[in-house]
There are 2 protein chains.
Amino acid sequence: MPSERTVERLSLYRHLLSRALTEGAAHVHSHQLAGMAGATAAQVRHDVMSIGYSGTPTQGYEVEKLIESIGEFLDTPLSRNIALMGVGNLGRAILSDFAVRRPTLKIVAAFDVEPDRVNRVIHGCRCHSLEELQQIIWTQQIAIAIIAVPASEAQPIADTLCEAGICGMLNFAPVRLQVPQGVFVDDVNITIALEKVSYFAGRKALDRGRIG
Amino acid sequence: MPSERTVERLSLYRHLLSRALTEGAAHVHSHQLAGMAGATAAQVRHDVMSIGYSGTPTQGYEVEKLIESIGEFLDTPLSRNIALMGVGNLGRAILSDFAVRRPTLKIVAAFDVEPDRVNRVIHGCRCHSLEELQQIIWTQQIAIAIIAVPASEAQPIADTLCEAGICGMLNFAPVRLQVPQGVFVDDVNITIALEKVSYFAGRKALDRGRIG
DNA sequence: TTTGTGCTGTTAAACGGTTAACGGCGATTC
DNA sequence: GAATCGCCGTTAACCGTTTAACAGCACAAA
C-alpha cells in the first residue's frame with residue numbers, strides 16, 4: 001500500500017521515462033531518473049523496489065520494462081474513462097491541454113447545465129445535459145470525474161456522481177466535498193497553491209536579502 | 001519555519017474562517033474548524049499554536065482575530081502582485097475563476113506571444129507582449145508568476161522571469177523547471193493528479209467489492 | 001463562592017516517510 | 001580468468017509530521 005506521494009512520483013517517473021524513450025534512451029540509472037524527477041537516487045530505488053521491478057548493476061533500469069512495470073502497478077482494473085463536469089473556462093482548458101496525450105486515461109464525456117453548451121462537441125468531446133448523466137456513466141463505464149463547476153454547484157454534482165457509482169473525483173472547486181467512504185477525492189485549490197508560493201517565495205527573498 | 005503542508009492548511013483555515021465570518025460566526029472551536037478543513041482538532045490547535053495566536057477555553061478562537069493572525073503570519077512583505085504567463089485556455093480559466101475574489105493576491109498583468117492576444121484586456125486583465133516583461137515586472141513590483149504556457153515554452157519563460165527578479169512561480173506546465181536557488185517553484189500537474197485519483201479510486205473500489 | 005464542565009496550550013509518544021549505509025552482483029578491463 | 005569498479009536491492013537509522021494525552025483555565029451554574 002503505497003502512499004499518495006509515492007503514487008505521484010511513480011506517475012511522474014512514467015512520464016519522464018516515456019519522454020526519455022522517445023529520445024532514444026534504452027537504460028537509465030537511478031540517479032539520472034532522480035535528477036529528472038527532482039528526487040534522490042535512494043528514493044527512486046525505493047520506489048522502484050516497491051513495485052517489484054528490478055534493474056541490473058552497471059546497466060540500470062530498462063526504460064521500456066520499467067514503464068511497463070509502473071503501468072502494471074498503477075493502472076487499476078477500473079475503467080479508464082473519465083467524465084468532465086463543467087465546460088466553463090477551466091473545463092475547456094482541461095479538455096484542450098491535458099486530455100489529449102494520455103492514452104491510459106481519457107475524458108469520454110462532458111456535462112454542463114448551460115443550454116448553449118449541451119449537445120455541442122468541444123475540443124473533441126461531446127457535452128451532455130445532466131439528465132443524461134446516470135445513463136452515460138453506466139453505458140460508458142465511467143469511474144472517475146473531474147469537478148470543474150462553480151463552488152456552489154460542486155456538492156450537488158458530487159452527490160449525483162456518487163449515486164451514479166463514481167469511484168473517484170478530482171475536485172477543482174474550493175469546497176470540501178462530502179462523499180461516502182468508498183469514494184476517493186483529491187482537491188486542487190489554485191488559490192491555496194498561490195498563497196503557498198507567495199509565502200515561501202517571500203521567505204526565500206528574505207534569505208537572499210532581496211527585500212527587507 | 002512551518003512545513004508546506006502547514007502553510008496550505010493555514011491558508012485553508014483562513015478561507016473557511018472568512019466564509020464563517022460572513023455567515024455570522026464570531027467564535028469557532030478547534031474541532032469545528034477541523035471538521036470544515038478535514039483535519040483533526042489536535043492538528044488545528046497545533047497549527048494555531050505555531051502562529052502564536054491563542055484562543056480561550058469555552059469560547060474557542062475569535063474568528064476575526066484568528067483571520068488577522070493568520071494574515072500576519074502568511075502574508076509576506078513581498079508585493080502581492082502576480083503575473084500570468086500564457087493566456088490560453090488555462091490562463092483564461094485562472095483569470096476568470098480564481099483571480100477575482102482574493103484581495104491579498106492579485107493578477108495585475110498577463111503575457112502572451114500570440115499577436116491577437118497582446119494589448120487586449122481579458123477578464124479585466126491587460127495582456128502584454130513578452131518584450132514588455134522586464135519593465136512591467138519592475139514598475140508593477142511583481143514578485144510571483146503563474147506559468148500557464150505550453151510545456152515547450154515553460155523553461156525559456158522561467159529563465160526570463162528569473163532574470164527579471166521573480167521570487168516564486170506556480171507552474172502548470174508538465175516540466176520540472178530549472179531555477180536558481182532563491183526562487184520557489186510549486187508544480188500543479190493535472191495529469192499526475194488524475195492518475196493518482198484513478199489509482200486510489202480503483203483500490204477503494206476493490207475494497208468495496210464493486211469490481212472484481 | 002464554589003464546583004463542575006469542556007475547551008485550549010503544551011508536551012510527549014507514535015507513526016510514516018525519507019535518507020543513508022552496505023552487501024552483492026554484473027560488466028568491463030587488464 | 002581474475003580483479004576492479006559502480007550501481008542496484010535491502011535494511012536500518014533518522015527526521016518530520018501527526019496524533020494522543022494531560023494540565024490549566026475560563027465561564028457557567030448552583
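Below, chains carry the letters A, B, ... as their sequence lines are ordered, and counting in each starts from 1.
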Value in whole Å for how far the [atom2] atom of [N] lies from [atom1] of [X]:
X	N	atom1	atom2	answer
A:Glu4	C:dG17	CD	C1'	14 Å
B:Arg45	D:dT17	CZ	C1'	16 Å
A:His31	C:dA20	NE2	P	16 Å
A:Tyr61	D:dC7	OH	P	12 Å
B:Gln59	D:dG24	CD	P	22 Å
B:Met49	C:dT10	CE	C1'	6 Å
A:Gln43	C:dA21	CD	C1'	17 Å
B:Asp47	D:dG16	CG	C1'	14 Å

Salt bridge or not between A:Arg14 and A:Asp75? Use side-chain N to carboxylate O under 4.0 Å.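 The answer is yes: the pair qualifies as a salt bridge.
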Phosphate contact ([N] OP1 or OP2) by [X] side-chain N/O below 4.0 Å:
X	N	result
B:Arg9	D:dT18	yes
B:Thr58	C:dG6	no
B:Ser54	C:dG9	yes
A:Thr56	D:dC8	no
B:Ser30	C:dT8	yes
A:His29	D:dC8	yes

**Q.** Along DNA chain C (nearest heavy atom to each residue), the more 5'-positioned of B:Gly60 and B:His46
**A.**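 The answer here is B:Gly60.
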Practice problem: Counting heavy atoms from C-beta on, name the nucleotide in D:dC8, C:dA20, C:dG17 closest to the side chain of A:Ala42. | Solution: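 Selected nucleotide (nearest to the side chain): C:dA20.
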Measure from the side chain of B:Pro57, starting at C-beta and using heavy atoms only, and say which of D:dC8, C:dT18, C:dC7 lies closest.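 Comparing D:dC8, C:dT18, C:dC7 against the side chain of B:Pro57, the answer is C:dC7.
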inquiry  = With a 6.0 Å cut-off (strictly less than), is the heavy-atom count around CD of B:Gln141, excluding the residue itself, greater than 12?
reply    =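 Count not over threshold, so no.
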**Request:** Kindly check if the number of other-residue, nucleotide or ligand heavy atoms within 6.0 Å of CD (A:Gln140) is above 12?
**Result:**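 More than 12 within 6.0 Å, yes.
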- Mind telling me whether B:Phe184 and A:Phe200 have parallel, tilted or perpendicular rings, with 30° and 60° as the class edges?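 Plane angle under 30°, so parallel.
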Cut-off 3.5 Å, side chains only: do A:Gln155 and A:Asp159 have a donor facing an acceptor?
->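 Result is yes, a qualifying pair exists.
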